[in-house]
Amino acid sequence: MQATTALLHWYDRNFRTLPWRTPPNPELSGAKPNPYHVWLSEIMLQQTTVATVKTYFIKFTDLWPRLENLAEAEEEEVLKAWAGLGYYSRARNLHRCAKIVLRDYNGRFPEEEHKLQQLPGIGPYTAAAISSIAFNQHAAVVDGNVERVISRLRAITDRLPGAKPVIKSHMAALTPHERPGDFAQAVMDLGATVCTPRSPACTICPWVDLCEGRKQGIHESLPRKAPKRVKPTRKGMAFVIAREDGAIALRRRPDKGLLAGMSEPPTSQWSEDMKQDDLGQAPVKADWSLAPSTVKHTFTHFHLELAVWHTQVDAAFPLPEGYWWSVPEALEGEALPTVMRKVLKTPLA
């Protein structure tokens with residue numbers, strides 16, 4: 001197929017070098033993909049940029065070079081290494097998945113999409129990506145870059161997310177039975193480096209003469225998306241209890257729900273009508289002072305604004321059950337999500 005062949009030739013010359021990726025065309029390079037690396041990178045890349053993932057991928061593979069090392073790690077250590085990457089259920093599912101693959105599959109990932117989807121944290125896209133890239137199975141891999149490229153190539157004007165099945169059908173038809181993993185990565189790279197959301201570099205695109213969207217002059221408007229829903233804003237209070245030596249009181253969030261299992265300075269409930277000066281929500285009785293600025297953070301489904309209250313106590317101050325003191329040199333290694341690190345950086349003046 002002309003389009004497929006043209007893109008693979010382009011990829012062989014222009015592929016991105018990434019820590020988890022092997023060179024293209026394994027028959028020539030002799031390099032075989034590492035399924036552990038493919039799986040780990042794909043989980044990290046969900047809702048996260050390549051630039052951010054590079055550092056975390058290297059950290060994880062330094063700490064846990066093989067799947068069995070990750071499976072045998074403590075969940076708390078995995079959460080600490082993940083801190084700052086966001087979408088923390090991914091880290092818990094990552095750890096669970098490693099344990100299951102070690103226990104039920106003798107440490108080897110299944111190759112088929114339907115079996116991969118039975119594992120924690122692996123949905124249709126991730127299953128297709130692992131099956132195709134790690135095991136050379138024919139699978140239609142569709143991420144955001146692929147949606148954009150295929151929408152433009154085939155001039156698909158239906159709005160997302162409704163257009164997803166049509167896009168996947170076109171991607172499946174284009175994907176070859178030989179080098180399907182290289183082809184999937186080629187379309188992703190094309191979207192990331194050439195067929196970009198704004199001002200695509202059409203003159204250097206290997207599909208420039210085949211692109212129906214460009215022929216119709218609508219390529220830059222594709223893919224078309226349904227209007228975004230307005231996110232509500234929830235409010236809450238965060239309480240920073242500091243000891244004279246700089247230690248901060250932390251606790252572990254519940255094992256279910258948002259930011260499950262992560263560490264935090266104590267917070268109140270979060271709601272749209274929360275009063276941010278209700279010190280009856282404070283975890284301890286103390287002399288509280290309000291920071292002049294609030295912490296603002298955006299989650300998938302809502303915005304959050306936290307009023308930050310500070311207090312300083314002496315070394316003998318009793319903490320509630322389940323709390324612990326984290327000294328300044330230990331804070332960096334705590335399993336603190338980004339929003340909680342923002343809280344701890346909010347000064348009183």
Side-chain angles (χ1 to χ4, degrees), residues 56 59-60 62-64 69-96 98-99 234-271 274 276 278-291 293-295 297 299 304-348:
Y56 281 88
K59 182 201 305 187
F60 264 69
D62 283 345
L63 289 169
W64 304 294
N69 304 133
L70 179 60
E72 292 165 359
E74 294 294 329
E75 182 184 87
E76 180 69 16
E77 294 305 310
V78 176
L79 288 172
K80 286 181 178 180
W82 193 275
L85 197 52
Y87 301 92
Y88 295 96
S89 61
R90 292 182 298 166
R92 297 168 68 86
N93 283 331
L94 185 86
H95 193 228
R96 286 177 56 215
K99 287 179 173 292
R234 299 179 189 174
K235 297 180 180 181
M237 304 166 70
F239 302 95
V240 179
I241 307 170
R243 213 166 54 185
E244 293 174 345
D245 63 355
I248 302 294
L250 300 178
R251 69 179 182 185
R252 182 181 168 94
R253 290 181 62 84
D255 288 334
K256 293 184 178 180
L258 190 65
L259 306 179
M262 301 297 288
S263 302
E264 68 165 5
T267 63
S268 68
Q269 292 182 338
W270 305 345
S271 66
M274 179 70 190
Q276 294 178 299
D278 179 11
L279 291 177
Q281 298 279 338
V284 296
K285 290 185 178 180
D287 184 14
W288 293 100
S289 299
L290 178 64
S293 59
T294 59
V295 165
H297 192 79
F299 293 98
L304 176 66
E305 292 182 3
L306 291 175
V308 182
W309 292 83
H310 290 255
T311 190
Q312 184 167 313
V313 299
D314 59 34
F317 188 85
L319 290 176
E321 184 178 355
Y323 287 56
W324 70 91
W325 290 110
S326 183
V327 295
E329 55 269 26
L331 273 175
E332 185 62 32
E334 297 282 4
L336 289 161
T338 300
V339 62
M340 299 307 167
R341 294 190 183 274
K342 290 180 182 178
V343 166
L344 295 180
K345 291 179 180 178
T346 304
L348 265 176

Residue pair Leu344, Ile248: steps toward the side-chain contact (heavy atoms from CB on, under 4.5 Å) verdict: CA-CA 9 Å; Leu344 295 180; Ile248 302 294; 3.8 Å; yes
The test is side-chain hydrogen bond (donor to acceptor under 3.5 Å, both in side chains); show your working for Thr294 and Glu305 and say whether it passes. CA-CA 6 Å; Thr294 59; Glu305 292 182 3; 5.1 Å; no
Validation row: [X], [Y] side chains within 4.5 angstrom (heavy atoms):
X      : Y      : result
Ser271 : Arg234 : no
Gln312 : Glu244 : yes
Leu258 : Tyr88  : no
Val308 : Ser293 : no
Leu319 : Pro283 : no
Met340 : Leu250 : no
Leu79  : Met262 : yes
Trp325 : Ile241 : yes

In sequence, state the C-alpha distance, the side-chain angles, and the governing distance for Trp82 and Glu77, and then conclude on side-chain contact (heavy atoms from CB on, under 4.5 Å). CA-CA 9 Å; Trp82 193 275; Glu77 294 305 310; over 6 Å; no
Side-chain donor/acceptor of [X] to backbone N/O of [Y], under 3.5 Å:
X      : Y      : answer
Arg90  : Leu85  : yes
Tyr56  : Ala81  : no
Arg251 : Glu321 : no
His95  : Ala73  : yes
Lys235 : Gln276 : no

Spatial distance of atom [atom1] ([X]) from atom [atom2] ([Y]) [nearest 0.5 Å]:
X      : Y      : atom1 : atom2 : answer
Ser326 : Leu331 : OG    : CG    : 4.0 Å
Tyr87  : Phe299 : OH    : CZ    : 9.5 Å
Arg96  : Arg92  : CZ    : CZ    : 9.0 Å
Thr311 : Trp309 : OG1   : CH2   : 11.0 Å
Glu75  : Leu94  : CD    : CG    : 11.0 Å
Leu259 : Ser89  : CG    : OG    : 9.5 Å

At their closest point, which heavy atom of [X] faces which heavy atom of [Y], and how far apart are they?
X      : Y      : answer
His310 : Thr346 : NE2-O, 2.9 Å
Trp64  : Val78  : CH2-CA, 3.8 Å
Pro266 : Ala249 : CD-O, 3.9 Å
Glu334 : Ser263 : OE1-OG, 4.1 Å
Ala291 : Pro347 : CB-O, 3.5 Å

Side chain to side chain contact (heavy atoms under 4.5 Å, CB included) with His297: of Thr338, Leu306, Val343, only one passes, and it is Thr338
Yes or no on side-chain contact (heavy atoms from CB on, under 4.5 Å) for Ser268 and Met274, after CA distance, side-chain angles and deciding distance? CA-CA 9 Å; Ser268 68; Met274 179 70 190; 3.5 Å; yes
On the ring face of Trp324, is Arg243 found with NZ or CZ under 6.0 Å from the centre and within 45° of the axis? no
Could you tell me whether Arg252 and Glu76 make a salt bridge, using a distance below 4.0 angstrom between a side-chain N and a carboxylate O? yes
Asp287, CG atom: more than 12 neighbouring heavy atoms under 6.0 Å: no
More than 12 heavy atoms of other residues, nucleotides or ligands under 6.0 Å from CD of Glu74: is that the case? no
Would the Trp288 and Phe239 ring centres measure less than 6.0 Å apart? yes
